[in-house]
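Within every chain, numbering begins at 1; the chains are lettered A, B, ... in the order of the sequence lines, protein sequences first and strands thereafter. What you see is a predicted model; the values in this text were computed from it and never measured.
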Amino acid sequence: MNLTRRALLGGAAATAALAHLTPAALAQGSKVMVLASAVDIPNFDPHVATGYAPAMLFRNVYDPLVRVSGNPPEIEPGLASEWTMSDDGLTYTFKIDPAAVFHDGSKVTAEDVVWSIERILKLQRGNAWMIAGVVEPGTTKALDDSTVEFNLAKPYAPFLQVMIWMFIINKAAVEPHLAEDDGQAWLMTNIAGSGPFTLGRYQTGNLYQMMRAKNDWHANGGNLDGAIWKITRETSTQRLMVERGEAHMAMDLSAEDMKALEGKPGVDLVYEAEYRTFSIKMNTQDGPLQDVNLRRAISYAYDYDAMLAAAGPAELMTGPLPTGILGFDPELEVPRRDMEKAREYLAQSDYAEGGFTLTARYAAGYENMRRWALILLETLKEFNITLDIQPTAWPDIVSSVATPETAPDFHFIFQTANYADPDNIAYAAYHSSRNGTWQNPTYSSPEVDALIEAARGEVDADARAALYGEFQRAVVADAPDLFGVLEKRKLALRDNVQDFVFTPVAANAVELLPLSLG
Amino acid sequence: MSQTDTTLPRAQLARSARAEARARAIYRFRQSWLSVIGLAIAVVLVAVALLAPWILPYPDDVTGAVNPAVAFQPPSAAHWFGTNSVGQDILTLVIYGSRISLLSGLTVIGLALIIGGALGVIAGWVGGWIDEVIMRITDLLLTIPSLILAMAVAAALGTGIWNMIIAITITWWPTYARLVRAEVAAKKQEQFVTASRVLGVGPMRLIGRHVLPNIVTPVVVKASLDVGFAILLVASLGFVGIGVKPPTPEWGTMLAEARNYMPQYWWTAIFPGTAIFLAVLAFNLLGDGLRDVLDPRTRR
Amino acid sequence: MLWYVIRRLLLIIPTLLGLSVIVFAIARLLPGDPVGLAAGPNATPEVIASVAAEFGLDKPIPVQYWTYLTGLLQGDWGVSLFTRRPVAADLAEFVPATLELVIAALLIAVVVGIPLGLLAAIRRDGIFDYLTRTVSLGAIAMPRFFLGLLLQLAFAMALNWLPLSGRFPLIEFPPDRITGFYTVDALLIGDWHAFGLALQHLALPALALSLSPLATILRMMRASTIEVLQQDYILTERALGIPSWIILFKYTLRNAVSATLTVIGLYVSWLLGGTVLVETIFDWPGLGLYSTQAILGQDFMPVIGVTLVIAMIYLVTSVIVDILQAVLNPKVRLQ
C-alpha cells in the first residue's frame with residue numbers, strides 16, 4: 001500500500017487537532033463514508049466467507065452477474081448487461097458488459113465466470129448451498145468471450161435471486177497463487193475483483209478501508225472516494241458515533257438507540273420491513289416437545305403482545321414465511337395467546353401436569369432474545385414447567401444442534417433471507433435435509449419436504465404461490481416453531497448521505513456504488 | 001495435687017491476657033474509622049442478602065417477570081432505582097444481586113482456601129518432589145492474569161453460577177497454596193514441632209493441633225481482603241458476558257446490559273456499578289482493619 | 001550478578017514450556033466445539049470434517065500439542081480458526097497497543113502518585129492527607145469497567161472533550177509503524193498533529209487503568225516518607241538548617257524509585273488482565289480485546305498465543321524489576 005497518510009484526507013488534513021470531535025467534521029473533508037458495524041470481516045474469499053459484513057465487502061469489491069435493488073427488490077444488471085431464460089426454465093444465457101474490467105485492468109471474460117462458478121461448486125463453502133443440485137459441475141459454458149450459458153439440472157425459480165451472491169473472480173490474478181487449496185489462502189487476504197472499490201488498509205477486528213478502484217467501470221455511481229467499515233461492538237457507541245458525526249451510518253442499532261437519536265440534528269433514521277425472521281424452534285425429535293399437543297399448547301400460551309412490546313419496531317410473524325414475500329398468505333390462521341385453547345391442547349398432551357424443566361438456548365449477547373426468553377419463562381410457569389435459560393456462545397449453539405439429543409428444547413434463531421424468495425427460508429428452515437444445522441435442527445415432515453421441492457421447481461408464479469400456501473398451512477399444523485417477529489431494519493444515517501435506497505435483501509450489506517456524500 | 005495448683009492460675013492468667021489482647025485489638029479496630037465503615041457496609045450487605053426474600057419491592061422480577069409497559073422509568077417513589085429495559089425494578093435486582101455476589105465471592109474463597117490450603121500443607125509438610133510439582137504448577141498458574149484464565153475456563157464451561165465459581169476458584173487456589181506452604185514449611189523447622197515428632201506425635205494431629213492454628217491469622221487476613229476481589233472478578237466475568245444465566249440478576253451483567261443505554265438511561269448503570277464498588281470497598285476496608293488487629297507487625 | 005541474570009532469564013523458558021502444556025490442555029480438553037462454526041453455517045458434515053483435518057484437530061491431543069510446540073519454536077504461533085490468519089501476525093499488531101496503554105497507565109500512576117504521596121506525608125494527618133487516603137482506598141475498590149464507563153460518560157458524552165473510543169481517528173492514517181506505539185512513532189517522525197490525536201485517544205483508557213496502581217504508589221510513598229521523616233539524621237539535618245526540600249529530595253528519591261518498581265512488579269499481571277475490561281469499553285484494539293473475542297469464540301490458537309505472550313511479558317518484567325531492586329538496594333540479596 002503506497003498511500004501516504006495524508007492522501008486520503010487531501011486538503012482537509014490541515015484541520016486542527018480537535019476537529020474530529022466536532023460533529024459534521026467528516027462532512028467538510030473527503031468523500032469517505034464511515035460505516036459502524038459490530039461484525040468483523042475475517043476472510044476476503046467471496047466463495048468461502050458468509051455473514052453480512054463479508055457480504056458488504058464482496059458487494060463492493062467484487063461483481064456478481066446480476067444485482068438486486070429497491071423495495072420490493074428488483075433484479076438489475078451487474079457484470080451481465082442482459083440475460084435470457086429458456087421457456088423450460090433450464091437454460092440461462094448472460095451477456096457480459098463490454099466495459100467490465102478487473103482492478104488490474106484486464107477485461108472480465110466468460111472464462112472468468114465459468115472458472116468462478118466451478119470454484120464455488122468445488123469448494124462447497126460459503127453460499128454454494130444456494131445452487132447445490134441445481135448447477136452441476138461442468139455444465140456452465142463460455143459460448144464466446146462475453147457470453148455464458150448455465151444449464152440447470154432442474155428448473156429453479158429463484159435462480160436469478162441467488163446469482164447475486166455468486167461473485168466473479170479474476171482467474172488470471174489467482175492462478176499463480178492456486179497452490180493446493182484453489183487459492184483459498186491467497187484470496188483470504190487478497191482481492192481479485194472488478195467491483196467499484198478496492199480494499200485499502202485494514203486491521204482485523206478494528207477497521208477495513210475501501211477505496212474507489214482506479215479503473216472503476218461502473219456507470220451511474222455516486223461520488224464516494226472510499227469508505228471505512230469500522231468494527232464497533234457496542235450499539236450505543238455506534239449510535240454516539242453517528243450522533244457526533246464520526247460515522248455516517250450505523251448498522252446494528254437497538255430500538256433504544258433509535259429512540260435516543262430521534263430529533264437529533266443531522267441524523268436520518270430508517271425503519272424498514274425486511275425479510276428477517278425471528279422464531280423459537282422447538283425440538284421435535286427429543287424430549288417432551290416431541291408431543292405436538294404440548295407444542296400447540298405453548299404456541300397458544302406464549303405472550304406475543306409482550307414479545308412485540310419488547311422487540312421495538314417490529315411486527316408479529318404470520319406463520320413461517322416473512323410477511324409480503326411471494327406466496328405469503330396474510331389470511332393464514334396462526335396461534336395467538338388464548339389460554340383456553342392452550343389448556344385444551346395441554347390436556348390432550350402427555351404432559352398436562354408439568355413438573356419438569358425445559359432448556360432454552362440463545363446466542364449470548366442478544367438483548368432482545370434474552371427478553372423473549374424471559375417471556376417464555378413466564379408462559380411456561382403457567383403450565384408448571386420450569387425453563388432453564390442458557391445464553392450460549394454461538395459456536396456452541398451451532399455444534400449443539402447437530403443431533404436432537406444435544407439440541408436444546410427451545411432454539412432461538414434469527415434468519416435473514418439471502419435472496420428475496422420464499423424458497424430461501426422454506427428450504428433452509430423446514431426441509432428435513434437441513435436437520436442438524438442451526439436453521440433447522442430437528443423438524444422433519446415428508447409432506448412439507450415434498451411441497452418445498454415442488455415449489456422450488458415450479459416456474460409459474462401463481463402455481464408456486466399456491467404450493468407455498470399449502471406449505472404454510474402444513475407447517476402451522478405441526479407447530480414446530482413459535483413464530484416470532486419480523487424486526488424492522490433499523491439504520492441511522494447522517495443526512496449528507498445521498499441516494500440511499502433501502503433493499504430488504506441483506507440490507508446492512510450496503511452497496512456503496514450509488515451513494516454520495518453531500 | 002500440684003497439677004491443679006499450677007494449671008489453674010496459668011489458665012486464668014492466659015485467659016486474662018487473651019482478654020486484654022482482644023480488648024486491645026477491638027480498640028485498634030475501632031480506632032480506624034475506615035475499618036468500622038467497612039464493617040458497617042459489609043454487615044448491611046450481608047443483612048440485605050439474607051433478608052432479600054422479605055424486602056424485595058418487586059419479588060417477581062427476580063424470577064424473570066417482565067413488564068415492557070414500564071420499561072426505562074427513571075428513579076421515582078415506586079421504583080427508587082428506576083426500571084430497566086424490560087420494566088424490572090432495578091432496586092429489586094440490585095438487592096437480589098447481593099446474594100449472587102456474596103455467595104459466589106465467599107464460595108470462591110472458601111473453595112480456594114480448602115483446595116489451596118490442603119495442597120499447601122501437603123507441599124510444605126511432605127516436601128521433596130511432591131512439593132516441587134505442586135509449587136511449580138502454582139507458579140505457572142500465577143503467571144496468567146486471573147481474569148484471563150477465569151474467562152477462558154468459564155467460557156468453555158458455559159454460563160451458570162457454578163461454572164463461574166469453578167472458573168474463578170481455579171485461578172485463586174494457587175495464592176493460598178503458596179501462602180500456606182510457606183507457613184507450614186517454616187513451622188515445620190521450629191523446635192516444638194521437631195520435638196513432638198521425635199515424641200511420636202502423628203502428622204495429622206501435629207498439623208491440626210500445632211501448625212494450622214499458627215497460620216490462621218495471615219490466612220484470615222488475606223481471605224477477608226480477597227472476598228472483595230473475588231466479588232470484583234465475578235462482576236468482571238458478568239461484564240464481559242460470561243456470567244450467570246438469566247433471569248438471575250448479577251451486578252456485572254446488569255452493568256454490561258446498561259452500557260447499551262448510556263447516557264440517557266444512566267440509572268441502569270449507576271446503581272449496579274455502585275453496588276459492586278461498595279461491596280469491594282467494604283471487604284477491602286474490613287480486611288485492612290483485620291490486618292491491623294490480628295497482624296500488627298505488617299501494619300503500614 | 002551476571003550469572004544470576006542469565007539464570008533468571010533461562011528459567012523463563014521452562015516456565016513458558018510448562019505453561020504451554022497447561023494452557024493447551026485447558027483449551028483443548030474443555031467442552032465446546034467451534035469447528036462447526038468455522039466451517040460456515042450451512043456446512044455439511046464432510047466439510048466440517050475437512051476443516052477439522054485442515055487444522056489438525058482430528059489428531060490426538062498430544063500430537064496436536066507436539067505440532068504446536070514445534071511450530072512455536074519456528075515462530076509459527078498457529079492459525080486462528082475463524083479468521084485463518086496467523087496468530088503471530090495478529091499479536092504483532094496488538095501487543096504494542098496494549099503495552100502503550102499499560103505503560104501510559106503506569107506513567108500516570110507514578111507521575112501523579114509520587115508527589116501526592118510525598119505531599120500527604122509532609123502534611124501528615126491534615127485534611128489533604130485524609131482526603132488522599134480515603135480517595136485512594138476507594139480507588140483500589142473501584143471496578144475498572146465501572147470507572148471507564150463513568151469517565152466515558154463525563155468526558156466523552158457529557159463534556160465532549162475527548163474521543164469516546166478507539167486508538168486514532170478513523171479517517172486519518174496513524175503514523176507509520178516504527179515501534180507500533182502511536183505516540184512514540186508520532187514523536188519519532190515529528191508529527192505533532194498525530195501525537196496530539198494519539199494522546200487524546202489514550203487519555204481516558206489509560207486513566208481508567210491507572211487509578212489502582214496510582215493509589216498503591218501513593219500509599220507506599222506516604223508510608224516510606226513518613227518513616228524517613230522520623231529518622232534521627234533527618235531531624236539533625238533539619239536542625240542544621242538545611243532546606244527541607246533538599247533533605248526530602250535526597251532521602252525520598254530512592255523511596256520513590258523503589259515504590260515505583262514494587263508497584264510495577266505487583267501490578268504487571270493485574271494491568272495486563274485489566275486491559276481486557278478497559279479495552280472492551282474503549283474499543284482499544286489490543287491484546288485484551290483480541291483475547292476476549294478469541295475466548296468467547298473458543299478460538300484455541302489465539303487464546304494460547306495471548307496467554308503465552310502475557311506470561312512472557314509478566315516474567316520478563318519480574319526479572320527486570322528484581323534486578324533493578326537489587327541494584328538500587330544492596331540489602332536485597334540476589335540468590
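Contact annotation for Leu140(B): both backbone and side-chain heavy atoms come within less than 4.5 Å of a heavy atom of chain C. With a 4.5 Å cut-off on non-hydrogen atoms, Ala256(B) does not touch chain C at all. Only the side chain of Leu153(C) has a heavy atom closer than 4.5 Å to any heavy atom of chain B. For Thr15(C), the parts lying near chain B are the backbone and the side chain together; criterion is any non-hydrogen pair under 4.5 Å. Interface remark: Val23(C) contributes side-chain atoms only to the contact with chain B (heavy atom separation under 4.5 Å). If you measure heavy-atom distances from Leu142(B) to chain C, the contacts under 4.5 Å come from the backbone alone. If you measure heavy-atom distances from Phe283(B) to chain C, you find no contacts under 4.5 Å at all. Heavy atoms closer than 4.5 Å to chain C are found in the side chain of Phe239(B), but not in its backbone. Only the side chain of Leu150(C) comes within contact range of chain B, judged by heavy atoms closer than 4.5 Å. Asp139(B) does not touch chain C: none of its heavy atoms, backbone or side chain, sits under 4.5 Å away. For Ser318(C), no part lies near chain B; criterion is any non-hydrogen pair under 4.5 Å. Both the backbone and the side chain of Ile148(B) come within contact range of chain C, each with at least one heavy atom under 4.5 Å from a heavy atom of that chain.
Under a 3.5 Å cut-off, the side chain of Asp299(C) and the backbone N or O of Ser80(C) do not form any donor-acceptor pair.
Chain B forms more heavy-atom pairs under 4.5 Å with one residue of Ile281(C), Leu296(C), Leu16(C) than with any other, namely Ile281(C). Top candidate by heavy-atom pairs under 4.5 Å with chain B, chosen from Leu277(C), Ile310(C), Leu272(C), is Leu277(C). When each of Leu255(B), Ile276(B), Val240(B), Leu278(B) is checked for heavy-atom pairs under 4.5 Å with chain C, Leu255(B) comes out on top. Ranking Ile226(C), Leu149(C), Leu315(C) against chain B, the residue ahead of the rest is Leu149(C), based on heavy-atom pairs under 4.5 Å. Of all the listed residues (Leu149(B), Leu147(B), Ile231(B), Ile242(B)), the one sharing the greatest number of non-hydrogen pairs under 4.5 Å with chain C is Leu147(B). Of the listed residues (Ala158(C), Ala141(C), Pro143(C), Gly274(C)), the one with the most heavy-atom contacts under 4.5 Å to chain B is Ala141(C).
Aromatic ring centroids of Tyr68(C) and Phe24(C) lie under 6.0 Å apart.
Scored by the side-chain hydrogen bond (donor to acceptor under 3.5 Å, both in side chains) test, Arg259(B) finds Glu234(A) as partners (sequence neighbours excluded). Under the ring-ring contact (aromatic ring centres under 6.0 Å, His included) criterion, Phe72(B) pairs with Tyr261(B), Tyr265(B), sequence neighbours left out.
Scanning both residues, Ala123(B) and Met135(B), for their nearest heavy atoms gives CB-SD, 4.2 Å. Closest approach of Ala105(C) and Leu209(C) over heavy atoms only: CB-CB, 3.8 Å. Minimum interatomic distance between Leu147(C) and Met142(C) (heavy atoms only, all atoms of both residues): CB-CG, 3.9 Å.
Taking CD1 of Ile313(C) as the start and OG1 of Thr143(B) as the end, the distance is 12.0 Å to the nearest 0.5 Å. For the atom pair CG of Leu232(B) and CG of Leu237(B), the computed distance is 10.0 Å after rounding to the nearest 0.5 Å. The CH2 atom of Trp162(B) lies 8.5 Å from the OG1 atom of Thr169(B); values are rounded to the nearest 0.5 Å.
A salt bridge does not link Arg133(C) to Asp288(B): none of the charged side-chain nitrogens sits closer than 4.0 Å to a carboxylate oxygen.
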